[in-house]
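Keep in mind that what you see is a predicted model, and the values were worked out from it rather than measured.
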Amino acid sequence: MKKFKKYTLRAERNMVCALCAIVFLVFAGAALAGWLAAPFPIGAVLTGVAAFALLFCGLLAGGWIRYTRRFYALAASPDCPAAIVGGGLCVTFCAASPEQAAAYLRESAALPPLPERYTREQRSARSDAAKDIRARTLGSAKTFVFPAVCPADLAALQNKTCVLWRGTYAEYRAVFDRCGIFAAHAPLFADE
């Protein structure tokens with residue numbers, strides 16, 4: 001059985017926010033103790049460290065909150081009717097029709113992979129070919145990529161037409177059946 005992410009995006013967001021709060025409280029407590037029990041320079045230094053911890057933890061927690069909110073907003077948005085589900089349960093939302101997303105997936109797969117040792121010119125040529133495929137198939141439609149998601153998060157994609165390969169469907173069929181991702185829309189296979 002393949003290993004999947006254990007926690008949903010909401011659970012990960014809550015854990016990160018809780019961890020950030022604990023880290024900040026530890027540093028704030030150290031700063032308070034520094035002011036109460038030590039001479040001036042130590043309290044001031046610990047207050048600066050606590051301020052840095054607050055800034056860092058605030059940015060980290062804020063980033064997770066925005067990331068999670070964006071996933072669920074895109075999953076509910078009618079502006080992105082197609083979702084490409086790839087290996088490892090990565091999800092790409094496309095603001096294009098499912099047929100365009102299938103064409104993009106099909107043509108992208110036809111690109112030859114870079115050799116193990118490649119030159120800058122080879123990488124540039126492959127990048128240009130990928131941009132050309134994207135412009136030809138998706139046009140100016142936006143895409144939003146979320147690397148690996150928990151199988152429970154796939155249930156949010158029920159109102160989307162999911163585009164995927166038959167091999168991906170066969171590999172993750174039990175997961176798809178359990179989360180009910182295809183309850184409203186049948187999947188669109190790119191290799192048909």
Side-chain angles (χ1 to χ4, degrees), residues 1-95 108 114 116 118 120 123-124 127 130-131 134 138 140-160 162 164 168 171-172 174-176 178-181:
M1 182 75 181
K2 293 238 180 242
K3 285 195 163 199
F4 301 112
K5 280 183 68 175
K6 188 175 180 181
Y7 300 106
T8 64
L9 288 174
R10 283 189 177 112
E12 287 180 348
R13 175 202 62 198
N14 293 342
M15 288 187 287
V16 167
C17 290
L19 179 65
C20 288
I22 290 169
V23 167
F24 171 69
L25 289 176
V26 166
F27 282 108
L32 182 62
W35 280 107
L36 294 176
F40 171 73
I42 294 175
V45 167
L46 289 175
T47 301
V49 170
F52 176 75
L54 175 65
L55 177 66
F56 178 77
C57 291
L59 290 173
L60 181 63
W64 268 98
I65 290 168
R66 283 182 49 226
Y67 183 77
T68 303
R69 186 179 299 147
R70 180 176 225 182
F71 177 83
Y72 290 113
L74 286 169
S77 172
D79 295 337
C80 294
I84 298 173
V85 180
L89 298 182
C90 66
V91 176
T92 303
F93 293 102
C94 294
S108 294
L114 285 171
E116 187 175 317
Y118 57 87
R120 184 176 26 219
R123 186 186 66 200
S124 177
S127 175
K131 287 177 186 174
R134 179 179 164 70
L138 296 178
S140 62
K142 291 187 176 185
T143 58
F144 306 93
V145 180
F146 291 85
V149 297
C150 175
D153 286 328
L154 290 178
L157 303 177
Q158 289 180 357
N159 64 342
K160 304 278 181 216
C162 293
L164 62 156
T168 304
E171 185 176 358
Y172 299 110
V175 173
F176 295 146
R178 189 177 59 220
C179 72
I181 188 174

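Side chain of Lys160 to main chain of Ile84: no donor-acceptor pair is present (N/O by atom type, distance under 3.5 Å, no hydrogens or angles). Here the side chain of Tyr172 pairs a donor or acceptor atom with the backbone of Gly88 at under 3.5 angstrom.
Atoms CG and CG, from Leu59 and Leu54 in turn, are 9.0 Å apart once rounded to the nearest 0.5 Å. Between the CG atom of Leu89 and the OG1 atom of Thr168 there is a distance of 9.5 Å, given to the nearest 0.5 Å. Atom CG of Asn14 sits about 8.0 Å away from atom OG1 of Thr8, to the nearest 0.5 Å.
Scored by the side chain to side chain donor-acceptor pair (under 3.5 Å) test, Tyr72 finds Asp153 as partners (sequence neighbours excluded). Here Phe71 pairs with Phe93, Phe146 under the ring-ring contact (aromatic ring centres under 6.0 Å, His included) rule; sequence neighbours left out.
Note: Tyr67 and Trp64 have perpendicular aromatic rings, judged against thresholds of 30 and 60 degrees for the angle between ring planes.
Contact detail for Ile181 and Leu154: the closest heavy-atom pair is CG1-O, 3.7 Å. Here the closest non-hydrogen pair linking Asn159 and Ala76 is ND2-O, 3.7 Å. Taking every heavy atom of both residues into account, Ala50 and Ala31 meet most closely at CB-CB, 4.2 Å. Between Ala61 and Val16 the shortest heavy-atom distance is CA-CG1, 4.4 Å. Contact between Gly34 and Leu46 at its shortest, heavy atoms only, is CA-CD1, 3.9 Å. Contact detail for Cys179 and Ala155: the closest heavy-atom pair is O-CB, 3.7 Å.
Contact check for Leu9 versus Arg13: no side-chain heavy atoms found under the 4.5 Å cut-off. The shortest distance between side-chain heavy atoms of Glu171 and Val175 does not fall below 4.5 Å.
Checking each of Trp35, Phe27, Phe52 against Thr47 for a side-chain contact (heavy atoms from CB on, under 4.5 Å) leaves exactly one that passes, namely Trp35.
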Quiz item: Checking side chain to side chain contact (heavy atoms under 4.5 Å, CB included) for the pair Ser127/Arg123: CA distance, chi angles, key distance, verdict?
Solution: CA-CA 6 Å; Ser127 175; Arg123 186 186 66 200; 5.5 Å; no
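Counting heavy atoms of neighbouring residues, nucleotides and ligands inside a 6.0 Å radius, atom CZ of Arg134 exceeds 12 of them.
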